[in-house]
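Everything numeric in this text was worked out from a predicted model, so none of it was measured.
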Amino acid sequence: MAKETGLIVQQSLDALLQDMDFLPHLKGLDREQAFRSLGAILSTPNHIHKSYLRIVLDSGNVVRVPAFRIQHNDTLGPYKGGIRFHESVNEDEVTNLATLMTLKNALHEVPFGGAKGGIIINPRDYSVRELYMICKKYVQYFSDVLGPDKDIPAPDMGSGEREMDWMMAEFKNIHPGQPYRGSFTGKSVVNGGSLGRREATGKGVYFTMRYMLHDFLHNQSSWLGSETSRDNRYLQTALGLAERPLKLAVQGFGNVGSVAALEAYQCKLLQNKIVAVSDRNHTLYNEDGLDVPALVDFVAAHGGDLPVSADQLGEAGIKAELLDREAVLTMDVDVLILAALEDQIHVANADQVRARLIVEGANAPVTGDADRILDDKGVIIIPDILANAGGVIVSYFEWLQGRETQFYSEEEVFRQLVDKMQHTMKSLLPAFFGGSHSLRTYGYKHAVHKLSATLYRLGKLY
Ligand code: GLU
């Protein structure tokens with residue numbers, strides 16, 4: 001999907017052009033001109049920074065590691081977005097992910113713009129000292145364009161609180177005497193990180209599903225008005241799911257997938273059974289439901305990997321069949337949570353997906369073509385922009401706490417997280433269940449609307 005972010009921006013603008021409540025005072029050619037300007041602004045990044053970091057490896061060899069920081073748009077506040085450490089990182093991908101951050105922040109009313117960073121490495125191939133050097137060099141090379149009021153990186157795939165701590169320390173070295181706590185988020189709690197930041201994305205992912213199937217549908221009288229019809233196909237799907245015990249499969253058992261799976265397992269409001277989870281090695285399957293807390297403990301004690309053999313399953317007292325890694329995607333389940341990599345559901349496997357609800361914990365796990373195939377089949381997708389925003393929302397709380405040097409309790413962080421995500425869900429779901437477009441389209445439209453109104457008022461459209 002990320003590849004098509006530009007296209008979606010354009011489609012959202014086309015839909016807004018028909019909406020006469022939007023920029024109502026502009027008519028005719030003036031209106032068309034404003035929309036063309038919006039298209040030009042939102043479909044291109046403001047800045048693409050690229051450097052080759054010079055790293056001395058443990059062997060003494062010197063290598064150059066390609067790295068990016070792409071700043072898409074800062075209309076709503078300082079640039080914000082993670083730094084991805086992965087071999088497949090490239091300029092187009094980082095640009096699209098930066099665009100997604102602009103839209104995600106706009107949608108959830110987080111006062112930041114959108115950016116993304118990337119380093120083309122497989123972190124597993126580097127020693128701790130080498131990774132430390134890569135993090136320091138990243139900050140040295142990009143130090144002029146980063147900062148608490150300029151651009152605030154965070155973790156993404158392949159990076160975590162350790163890397164953010166190292167990077168903040170280097171930022172502080174380079175800019176002595178200047179505020180530094182808000183320069184990076186996703187730090188460890190001892191270094192000014194927020195309680196609950198680590199769990200925030202996974203918790204938010206599960207919350208969006210629970211909110212749609214439980215809280216929202218149980219309260220139909222408050223929104224099932226004239227614009228909604230009982231035979232809306234999405235509403236039919238959601239009502240069907242809300243009425244029965246649910247079988248769930250979770251792809252990815254890292255920071256996002258494991259937390260979402262645990263939330264689902266512990267939830268008393270829906271009758272969930274997690275029948276499958278997967279990681280880079282295998283899918284674990286048990287039709288009676290997996291013991292998720294035992295799996296979380298196992299993973300914590302085994303370097304992040306799920307059990308890989310019958311012996312390991314036996315030792316941990318976990319009952320499960322070991323299937324191949326991809327099996328998780330096409331299981332006979334009600335809900336599929338995608339919390340691994342991007343482009344996991346594509347044209348070649350979309351038809352085999354049996355889940356009726358897909359929740360995107362990762363960014364862009366469903367390709368654009370697959371998105372259309374699934375939508376035609378009536379599958380509901382809670383898109384990345386909506387489902388996985390818990391991370392950046394709590395990053396925003398972390399940034400605020402760093403400024404005030406007043407820290408919230410974990411309970412307070414989760415209360416505010418739920419408030420914010422609930423507010424966004426409430427603003428999208430009535431239109432979604434009353435209309436004919438995907439939730440992704442409503443999410444993009446809402447975000448582009450917010451950005452457009454701001455840009456117009458700033459006098460940037462003509
Ligand atoms: N990398 C995460 C995302 O894609 C979090 C970004 C942040 O906290 O700034 O949303």
Does the pair Ser188 and Asp165 meet the rule for a side chain to side chain donor-acceptor pair (under 3.5 Å), with working shown? CA-CA 7 Å; Ser188 66; Asp165 284 359; 2.6 Å; yes

From CA spacing to verdict: ring pair (Phe, Tyr, Trp, His ring centres under 6.0 Å), Tyr234, Phe432: CA-CA 8 Å; Tyr234 298 118; Phe432 169 62; 4.5 Å; yes

Are Arg197 and Ser395 close enough, and set up right, to give a side chain to side chain donor-acceptor pair (under 3.5 Å), and what steps lead you there? CA-CA 7 Å; Arg197 173 64 183 83; Ser395 274; 3.0 Å; yes

Can you list the steps and then say if His72 with Thr102 is a side chain to side chain donor-acceptor pair (under 3.5 Å)? CA-CA 7 Å; His72 175 257; Thr102 302; 2.7 Å; yes

Begin with the C-alpha distance, continue with both residues' side-chain angles, and end with the deciding distance and a verdict on salt bridge (Lys or Arg N to Asp or Glu O under 4.0 Å) for Glu287 and Lys319. CA-CA 10 Å; Glu287 65 173 342; Lys319 290 198 186 61; over 6 Å; no

Take Leu213 and Leu357 through the test side-chain contact (heavy atoms from CB on, under 4.5 Å) and record every step on the way to the result. CA-CA 10 Å; Leu213 297 184; Leu357 174 65; 3.9 Å; yes

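Counting non-hydrogen atoms of other residues, nucleotides and ligands closer than 6.0 Å to CZ of Arg325 gives a total of 12 or fewer. Heavy-atom neighbours of Lys377 NZ from other residues, nucleotides or ligands within 6.0 Å: above the threshold of 12. In the displayed structure, Tyr285 atom OH is contacted under 6.0 Å by more than 12 heavy atoms of other residues, nucleotides or ligands. Around atom CD of Glu404, more than 12 heavy atoms belonging to other residues, nucleotides or ligands sit under 6.0 Å away. Atom NE2 of His302 has more than 12 neighbouring heavy atoms from other residues, nucleotides or ligands inside a 6.0 Å radius.
Checked by atom type and distance alone, the side chain of Asn349 pairs as donor or acceptor with a backbone atom of His346 at under 3.5 Å. With hydrogens and angles disregarded, no donor-acceptor distance shorter than 3.5 Å links the side chain of Gln344 to the backbone of Val366. Listed for the Lys247 side chain is no donor-acceptor partner under 3.5 Å among the backbone atoms of Gly289. At distances below 3.5 Å, not a single donor-acceptor pair connects side-chain atoms of Asn105 with backbone N or O atoms of Val110. Using modelled atom types, no side-chain atom of Asn286 and backbone atom of Glu321 make a donor-acceptor pair closer than 3.5 Å. In this structure a side-chain-to-backbone donor-acceptor pair under 3.5 Å is missing from Gln251 to Asp279. Put simply, the side chain of Arg354 gets close to the backbone of Thr330: a donor and an acceptor are under 3.5 Å apart. Between the side chain of Tyr138 and the backbone N or O of Phe68 there is at least one donor-acceptor pair closer than 3.5 Å. Proximity of a side-chain donor or acceptor of Thr441 to a complementary backbone N or O of His437 within less than 3.5 Å is not detected. For the pair Thr283 (side chain) and Ser278 (backbone), a donor-acceptor distance under 3.5 Å is absent.
Cation-pi geometry between Lys80 and Tyr396 is not met at under 6.0 angstrom from the ring centre and within 45 degrees of the axis.
A salt bridge between Asp375 and Arg233 is present, with a side-chain N of the basic residue lying under 4.0 Å from a carboxylate O of the acidic one. Salt bridge status for Asp305 with Arg280: present, with a side-chain N to carboxylate O gap under 4.0 Å. Between Glu161 and Lys187 no salt bridge is recorded (no basic side-chain N to carboxylate O distance below 4.0 Å). Under 4.0 Å is where a charged nitrogen must lie from a carboxylate oxygen, and between Asp419 and Arg415 at least one such pair does. In summary, Asp74 and Lys150 do not engage in a salt bridge, as defined by a charged side-chain N under 4.0 Å from a carboxylate O. Ion pairing of Arg440 with Asp384 is present here, as a side-chain N (NZ or NE/NH1/NH2) and a carboxylate O approach within less than 4.0 Å.
Ile385 is not listed as a side-chain neighbour of Glu360, based on a closest heavy-atom distance of 4.5 Å or more. Counting only heavy atoms from C-beta outward, the side chains of Leu284 and Val277 approach each other to under 4.5 Å. A 4.5 Å side-chain heavy-atom check between Trp399 and Ile152 finds at least one atom pair inside the cut-off. Annotation: side chain of Met157 is not in contact with side chain of Val256 (no heavy-atom distance under 4.5 Å). Side-chain contact check for Pro293 versus Leu262: some heavy-atom pair is nearer than 4.5 Å. For the pair Ile345/Leu336, a side-chain contact is recorded, criterion being any heavy-atom separation below 4.5 Å from C-beta on. Contact check for His446 versus Leu428: side-chain heavy atoms found under the 4.5 Å cut-off. Counting heavy atoms from C-beta outward, Thr367 and Asp371 have side chains that stay 4.5 Å or more apart.
For the atom pair Gln352 CD and Met331 CE, the distance stands at 12.5 Å (nearest 0.5 Å). In this structure, OH in Tyr79 is found 12.0 Å from CD1 in Ile70, a value given to the nearest 0.5 Å. To the nearest 0.5 Å, atoms CG (Leu13) and CG (Leu42) are separated by 6.5 Å. The line from CE of Met425 to NE2 of His108 is 9.0 Å long, rounded to the nearest 0.5 Å. If you take CD1 on Ile121 and NE2 on His86, they are separated by 10.5 Å, rounding to the nearest 0.5 Å. Taking CG of Asp215 as the reference point, atom CG of Leu270 lies at 8.5 Å (rounded to 0.5 Å).
Each of Gln71, His49, His47 was compared with Asp151 under the side-chain hydrogen bond (donor to acceptor under 3.5 Å, both in side chains) criterion, and only Gln71 meets it. Results of the side chain to side chain contact (heavy atoms under 4.5 Å, CB included) test with Val89 over Ile119, Asp156, Val94 single out Val94 as the only residue that passes.
Below 30°, between 30° and 60°, or above 60°: for Phe184 and Phe171 the angle between ring planes is above 60°, a perpendicular geometry. Classified by interplanar angle (parallel below 30°, tilted 30° to 60°, perpendicular above 60°), the ring pair Tyr132/Trp166 is perpendicular.
Side-chain N/O atoms of Ser194 and Gln401 include a donor and acceptor closer than 3.5 Å. Between the side chains of Asn363 and Lys104, at least one donor N or O lies within less than 3.5 Å of an accepting N or O. A side-chain N or O of Thr75 and one of Asn73 form a donor-acceptor pair less than 3.5 Å apart. In this model, no donor atom of one side chain and acceptor atom of the other lie less than 3.5 Å apart for Thr201 and Asn388.
For Glu342 against Ala364, the heavy-atom pair with the smallest separation is CB-O, 3.1 Å.
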